Amino acid sequence: MKDSIKHHDSPQDHQHLSHDMIYKFNADGHFTFVNPALCQYLNKKDNELLGTHFSEVIREDYRSEVYSFYLKQYMSKQSSTYLEFPVDVPYKKDSWVGQTVEAILQEGEVVEFLAVSTDITERVLATKTLRRTEERYRHIIDNINLGALEVTNDDVIVNANNSFCDFTGFSNEELVGMQAKSLIARDSVSNFHELNTIGDIARDLPAVELQLMTRDYRLKWAMISGVAVKNKYDEEIGFFCVFYDTTERKQQEIIRQKAERALKESENRVRSILDSSLDGMITIDESGSVTEWN
């Protein structure tokens, strides 16, 4: 196929050797030759295409863009170009082609174009479906109440959702490219210096509570859990980590622990006073029962 274009062999010599759509159009953009593959693809006869402008087979919403693209090739006398665009095929909602066009010059002027197109509809639709799926995934991740981080195997943050940004005070733009481990308060992880990535925590434990450093240098507690992200070859390429804000609960727990320690210390002081007193002392409850003595 490349040789046929390079040497400008007659399209008729190759039309039965390929399923590609091969055609020519003159400098004004009108078809001068079409092979059977193109006629079959567009569901038209050759006499319906010959003499018509190439833009008429392009889907209407793309015509201006495609026309400008090939006008630029004509004006700049660019030897070869590649473009993907949708075409207008009867009874088909979406039909896309990938087209290579070579400009044929005589005495330094473009006299015609030789084009070879292939159907890429399946790939384009698959890409669109994947993009929509990714957009839905991103929407869900960005709007859940849990903080979420996506990190590489090298601990580089590649994405943070809205909740995590709100939690830490960083914007997504500030977080992307940072080392995730740098957000962890080292005193909250016993083996901090042995950790290479935040994924080491997510991988080895179902969930662990630790402190994160916010943008304004405050410490917040979070429960972290995560899973490894793998490619199609089942190779680990990063981690998806989820954070649940436990700061309020942790603060209440710290207050409770302080109160318990204070009560214990108070009890110990009272016991010490009782035990060191030279006078005999007893404690009686409201029912008259002795509960304590020195």
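Position 1 is the first residue of the sequence; numbering continues from there. Atoms considered below: every heavy atom in the structure, side chains included; atoms not considered: hydrogens, waters and symmetry mates. These numbers come from a predicted model, not from an experiment.
- The structure places CG of Leu183 at 6.5 Å from CG of Leu212, a figure rounded to the nearest 0.5 Å.
- Val34 and Leu50 make their closest contact through N-CD2, 4.1 Å (heavy atoms, listed as atom of the first residue, atom of the second, distance).
- Residue Lys128 places its NZ atom among more than 12 non-hydrogen atoms of other residues, nucleotides or ligands, all under 6.0 Å distant.
- In summary, Lys230 and Glu236 do not engage in a salt bridge, as defined by a charged side-chain N under 4.0 Å from a carboxylate O.
- Taking all atoms of both residues into account, the shortest heavy-atom contact from Leu114 to Lys24 is CD1-CG, 3.8 Å.
- A side-chain donor-acceptor contact under 3.5 Å links Gln73 to the backbone of Gln78.
- In Gln106, the CD atom is not crowded: 12 or fewer heavy atoms of neighbouring residues, nucleotides or ligands sit closer than 6.0 Å.
- In summary, the side chains of Asp216 and Thr214 do present a donor paired with an acceptor at a separation below 3.5 Å, with no hydrogens or angles considered.
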Next item on the list: Please step through side-chain contact (heavy atoms from CB on, under 4.5 Å) for the pair Thr152 and Ile237, ending with a clear verdict.
Entry: CA-CA 6 Å; Thr152 67; Ile237 59 174; over 6 Å; no
Note to self: I'd like to know whether Asp245 forms a side-chain hydrogen bond (donor to acceptor under 3.5 Å, both in side chains) with Thr247, so could you lay out the CA-CA distance, the side-chain angles of the two residues, the decisive distance to 0.1 Å, and finally the verdict.
What the structure shows: CA-CA 6 Å; Asp245 185 0; Thr247 304; 2.7 Å; yes
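- Distance check, rounded to the nearest 0.5 Å: CD of Glu60 to OG of Ser55 gives 10.5 Å.
- Residues Arg63 and Asp88 form a side-chain contact, since some pair of their non-hydrogen atoms from C-beta on lies under 4.5 Å apart.
- For the pair Asp94 and Leu125, the minimum side-chain heavy-atom distance is below 4.5 Å.
- When atom types are taken as modelled, the side chain of Asp20 and the backbone of Ile22 share no donor-acceptor pair closer than 3.5 angstrom.
- The side-chain heavy atoms of Val101 and Val116, taken from C-beta on, include no pair separated by under 4.5 Å.
- In this structure the side chain of Thr168 never reaches within 4.5 angstrom of the side chain of Arg215, judged on heavy atoms.
- For Phe170, the CZ atom sits in a packed shell: over 12 heavy atoms of surrounding residues, nucleotides or ligands are nearer than 6.0 Å.
- Separation of atoms CD1 (Ile157) and CG (Leu149) is listed at 5.0 Å; rounding is to 0.5 Å.
- Looking at Asn172, its side chain does come within 3.5 Å of a backbone N or O of Ala160 through a donor-acceptor pair.
- Between the Thr121 side chain and the Trp96 main chain, a donor and an acceptor come within less than 3.5 Å of each other.
- Taking the side chain as every heavy atom from C-beta outward, Ile224 and Leu210 approach each other to under 4.5 Å.
- Gln40 places no side-chain N or O within 3.5 Å of a backbone atom of Ala37 that could act as its donor or acceptor partner.
- Checked options Phe69, Phe33, Tyr74, Phe25; the residue passing with Phe54 is Phe25 (criterion: ring pair (Phe, Tyr, Trp, His ring centres under 6.0 Å)).
- Closest of all the heavy-atom pairs between Thr52 and Glu56 is CB-OE1, 4.1 Å.
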Item checked: Residues Phe113, Ile104; criterion side-chain contact (heavy atoms from CB on, under 4.5 Å); working and verdict -> CA-CA 6 Å; Phe113 294 92; Ile104 300 174; over 6 Å; no
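- For the residue pair Val156 and Gln179, the shortest heavy atom distance occurs at CG2-OE1, 3.5 Å.
- Residues Ser163 and Leu146 form no side-chain contact, since every pair of their non-hydrogen atoms from C-beta on lies 4.5 Å or further apart.
- In this structure, the side chains of Phe239 and Glu150 stay at 4.5 Å or more apart for every pair of heavy atoms.
- Residues Asn153 and Gly238 come closest through the heavy atom pair OD1-N, 3.5 Å.
- With rounding to the nearest 0.5 Å, the separation of OG1 in Thr127 from CZ in Arg132 is 10.5 Å.
- Side chain of Asn35 to backbone of Met21: no donor-acceptor contact under 3.5 angstrom is found.
- Taking the six-membered ring where the residue is Trp, the centroids of Phe243 and Phe164 are separated by under 6.0 Å.
- When atom types are taken as modelled, the side chain of Asn161 and the backbone of Gly147 share no donor-acceptor pair closer than 3.5 angstrom.
- Atom NZ of Lys93 and atom CZ of Arg59 lie 9.5 Å apart (nearest 0.5 Å).
- Between the side chain of His53 and the backbone N or O of Asp28, at least one donor-acceptor pair lies under 3.5 Å.
- The two residues Val176 and Val158 have their closest heavy-atom pair at CG2-O, 3.7 Å.
- Side chains of Ser79 and Glu102: no donor on one and acceptor on the other come within 3.5 Å.
- Looking at Glu248 and Lys220, no side-chain N of the basic residue comes within less than 4.0 Å of a carboxylate O on the acidic one, giving no salt bridge.
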Margin query: side-chain contact (heavy atoms from CB on, under 4.5 Å) for Gln211 and Ile184? Distances and angles first, verdict last.
Written below: CA-CA 6 Å; Gln211 281 183 302; Ile184 302 175; over 6 Å; no
Next item on the list: Please step through side-chain contact (heavy atoms from CB on, under 4.5 Å) for the pair Tyr67 and Ile58, ending with a clear verdict.
Entry: CA-CA 9 Å; Tyr67 179 79; Ile58 299 169; over 6 Å; no
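- Residues Val66 and Tyr82 do not share a hydrophobic cluster, defined by chaining ILVMFWY side chains whose heavy atoms lie under 4.5 Å apart.
- For the pair Ser117/Leu38, no side-chain contact is recorded, criterion being any heavy-atom separation below 4.5 Å from C-beta on.
- A perpendicular orientation is assigned to the rings of Tyr70 and Phe85, their planes being inclined by more than 60° (bins at 30° and 60°).
- Under a 3.5 Å cut-off, the side chain of Lys77 and the backbone N or O of Val110 do not form any donor-acceptor pair.
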